[in-house]
Amino acid sequence: MRDIILGIDLGTTNSAVGTVDSGFPILLANEDGKRIFPSAVWIGRNGEIEVGAAALRRRTIEPDRVITSIKRLIGRRADETEEHFPVAVATTSNGLPQVLGKSPEEISAEILRELKRIAEWRMGTTITKAVITVPAYFHDAQRAATKRAGELAGLEVVRILNEPTAAALAYGLDKLSEHSRVAVYDLGGGTFDLSILEMQDGVFQVLATHGDTRLGGDDLDALILRRVTERLGIDEIDSTSRVRLMEEAERVKRTLSENDTAVFRVPFYDGARSIEETITREDLETIAAPWIGRTLRHCRQALADAALTPEDLDAVVLVGGSTRIPAVRQAVADLFKREPDVSQHPDEAIALGATIQGGIMNGALRQIILLDVTPLSLGIETFGGLMNVLIPRNTTIPCKAGEMFTNAADGQTAMRVRVLQGEREMARDNWDLGDFNVGFAPAPKGQARMGVQFKIDENGILEVLARDVSTNTDTIVKLGNAAVNVDDEAVEAMVSESVEHAFTDIAERIFTEARLKAEELLPAVEAVLAQGLVRDDERVEIEAATAAVKTALTQGAATPLKTAVQRLDAATETLAARLVEQALDEALERGMNHQ
Ligand code: ADP
Ligand code: MG
């Protein structure tokens with residue numbers, strides 16, 4: 001058994017953990033069915049600890065013992081940390097910050113320990129390895145401290161991964177070609193960053209990253225609360241009420257991502273007064289506009305730093321819970337002049353990407369590649385311009401298939417192998433993946449033997465092998481992964497075209513096959529008739545059948561030609577058998593004469 005590697009998003013506001021299970025990256029839910037956990041730690045007076053939602057619940061009773069946003073302190077010196085931290089920050093003798101007697105690493109380790117516990121409980125086994133993500137702008141000390149936090153929690157940190165890179169992995173952007181560029185817009189609870197990545201030698205490099213460590217969903221919660229209190233003329237709120245009101249503001253904000261209105265309702269928030277106030281999505285958008293505007297300024301700055309325009313980007317992805325807000329999505333779409341990819345849950349993407357990275361590192365994800373299938377059929381062109389399928393569409397890769405072919409003419413010494421992809425019956429309607437010539441020893445028509453084999457390996461590389469069977473010489477041509485790397489739209493277009501043309505395509509194939517057969521039969525039949533070896537009753541039928549074939553050939557319709565060819569074939573069958581018998585007799589006679 002390979003060691004499980006966890007993928008962990010250790011976020012400022014929320015954290016998540018995943019692993020590869022049976023070849024698929026999945027996030028793991030806790031006992032409450034939640035896949036995203038608040039990055040909150042409560043430390044009781046006697047050193048007891050609670051993590052996640054349980055810790056947050058204690059905020060109304062003991063707000064000064066609940067630590068959130070510890071990521072803001074990790075790997076920093078006390079004089080580097082920002083003023084507003086929810087809980088008092090002390091400074092140790094060597095200038096490091098400390099909260100409730102613990103270092104930021106130790107507090108982060110509590111969160112990691114909880115994630116490890118959930119994963120071990122879900123997977124039913126001990127787990128000791130993890131990939132942990134950090135913002136692209138984290139400096140060495142912050143990365144090293146994050147690694148130490150993992151070690152304190154009993155995890156060997158096999159990789160510290162940049163968050164935007166993890167996001168790109170989750171969105172499958174690692175399959176983009178060399179030099180593709182991706183913007184990752186990450187708006188979380190308390191931080192914003194925009195990173196521009198470029199694919200170089202198969203890995204993402206950060207070209208630019210810009211942001212604000214004091215800009216996130218929490219600000220919007222505060223703006224919503226301010227709006228409500230201003231409207232109602234409430235000017236003083238104690239810290240305990242504030243916790244409840246902020247929680248309600250957040251709930252209202254989330255509701256407005258899905259609905260047009262929400263009611264801000266907190267009964268007896270200060271023991272006496274209640275709040276009940278309707279807020280519309282329009283209200284929210286007015287409140288949020290300047291807040292969104294601040295993120296856009298950082299986006300423009302990052303583009304300028306990287307000397308790029310929106311048109312230079314190949315993809316834009318959204319990460320962070322706050323990108324669930326429709327107005328945010330719209331603003332990003334407008335700025336980057338393209339629809340952002342929203343195919344993943346934005347608040348789960350980073351943990352998912354870390355999980356994928358872990359799966360790549362321990363080989364657990366190889367199975368996913370094995371489950372890849374050929375998006376379209378692969379084959380070669382044969383006589384008459386027909387498509388001859390060797391590997392049908394939807395075949396699981398890796399795979400291998402082959403067929404024998406022969407020469408179409410006497411003395412032919414080379415054959416062109418034209419590799420095709422597509423669902424159409426005629427070669428000309430499919431896509432050309434490449435062609436090459438193979439030589440073989442001259443032989444009478446239909447006597448040369450040429451084996452053609454297609455092989456697709458686990459990386460999707462197609463290799464075509466052509467073997468001249470008489471001399472056992474092989475020609476091998478590698479065609480890259482074009483056979484597997486086809487974009488979905490092109491595949492859909494090809495498949496729907498094949499359905500649309502199904503009747504005419506099949507008719508053309510039947511006609512072509514019958515014509516090839518007719519072209520083979522007619523000269524042979526004529527030669528035999530000329531030799532006068534045919535009985536009169538046979539001659540009548542053969543001549544009638546021959547005439548039918550010739551008429552059908554000029555008419556160009558598939559079914560009549562096929563029927564006529566079958567009739568001619570049947571008419572000559574007994575003749576052929578008789579001729580073979582006769583030849584055998586003669587040979588035997590000659591043999592006896594030799595004695
Ligand atoms: P972080 O990366 O900061 O740890 P997340 O990416 O989980 O955190 O983002 C948390 C933020 O996303 C919070 O401010 C939360 O209110 C916000 N959020 C989550 N879901 C929604 C939603 N449906 N609509 C609006 N905001 C949301
Ligand atoms: Mg985050």
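Atoms within each ligand, like the ligands themselves, are counted from 1 in listed order. Both backbone and side-chain heavy atoms feed into the values below; hydrogens, waters and symmetry mates do not.
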Legend entry - Options Gly11, Ala288, Gly189, ranked by nearest heavy atom to atom 8 (O) of ligand 1, top entry: Gly189
Inset, instruction - With atom 10 (C) of ligand 1 as the reference point, say which of Asn14, Asp9, Leu10 has the nearest heavy atom. - result: Asn14
Inset, instruction - Return a yes/no value for Asp186: is any of its N or O atoms, backbone included, closer than 3.5 angstrom to an N or O of ligand 1? - result: no
Inset, instruction - Find all atoms of ligand 1 within a distance of less than 4.0 Å from any non-hydrogen atom belonging to Glu250, and give their numbers and elements. - result: 15 (C), 16 (O)
Legend entry - Element-labelled atoms of ligand 1 that are located less than 4.0 Å from some non-hydrogen atom of Ile325: 25 (C)
Inset, instruction - Would you kindly specify which portion of Ser322 sits under 4.0 Å from ligand 1, judged on non-hydrogen atoms: side chain, backbone, both or neither? - result: both
Inset, instruction - For Lys253, counting its heavy atoms only, list the atoms of ligand 1 lying under 4.0 Å from any of them. - result: 14 (O), 15 (C), 16 (O), 17 (C), 26 (N)
Legend entry - Asp32 and Lys34 ion-paired at < 4.0 Å: no
Legend entry - Test item: Arg59 and Glu247 side chains (from C-beta on) under 4.5 Å apart, heavy atoms: yes
Legend entry - Polar contact flag for Asp221 and ligand 1 (N/O pairs, less than 3.5 Å): no
Inset, instruction - Start with the C-alpha gap between Val263 and Glu276, add the side-chain angles, then the distance that decides, and say whether side chain to side chain contact (heavy atoms under 4.5 Å, CB included) holds. - result: CA-CA 7 Å; Val263 181; Glu276 182 156 336; 3.8 Å; yes
Legend entry - Contact (N/O only, under 3.5 Å) between Arg324 and ligand 1: no
Inset, instruction - Please confirm whether Asp347 comes within less than 3.5 Å of ligand 1 when only nitrogen or oxygen atoms on both sides are compared. - result: no
Legend entry - Heteroatom proximity flag, Gly320 to ligand 1, N/O under 3.5 Å: no
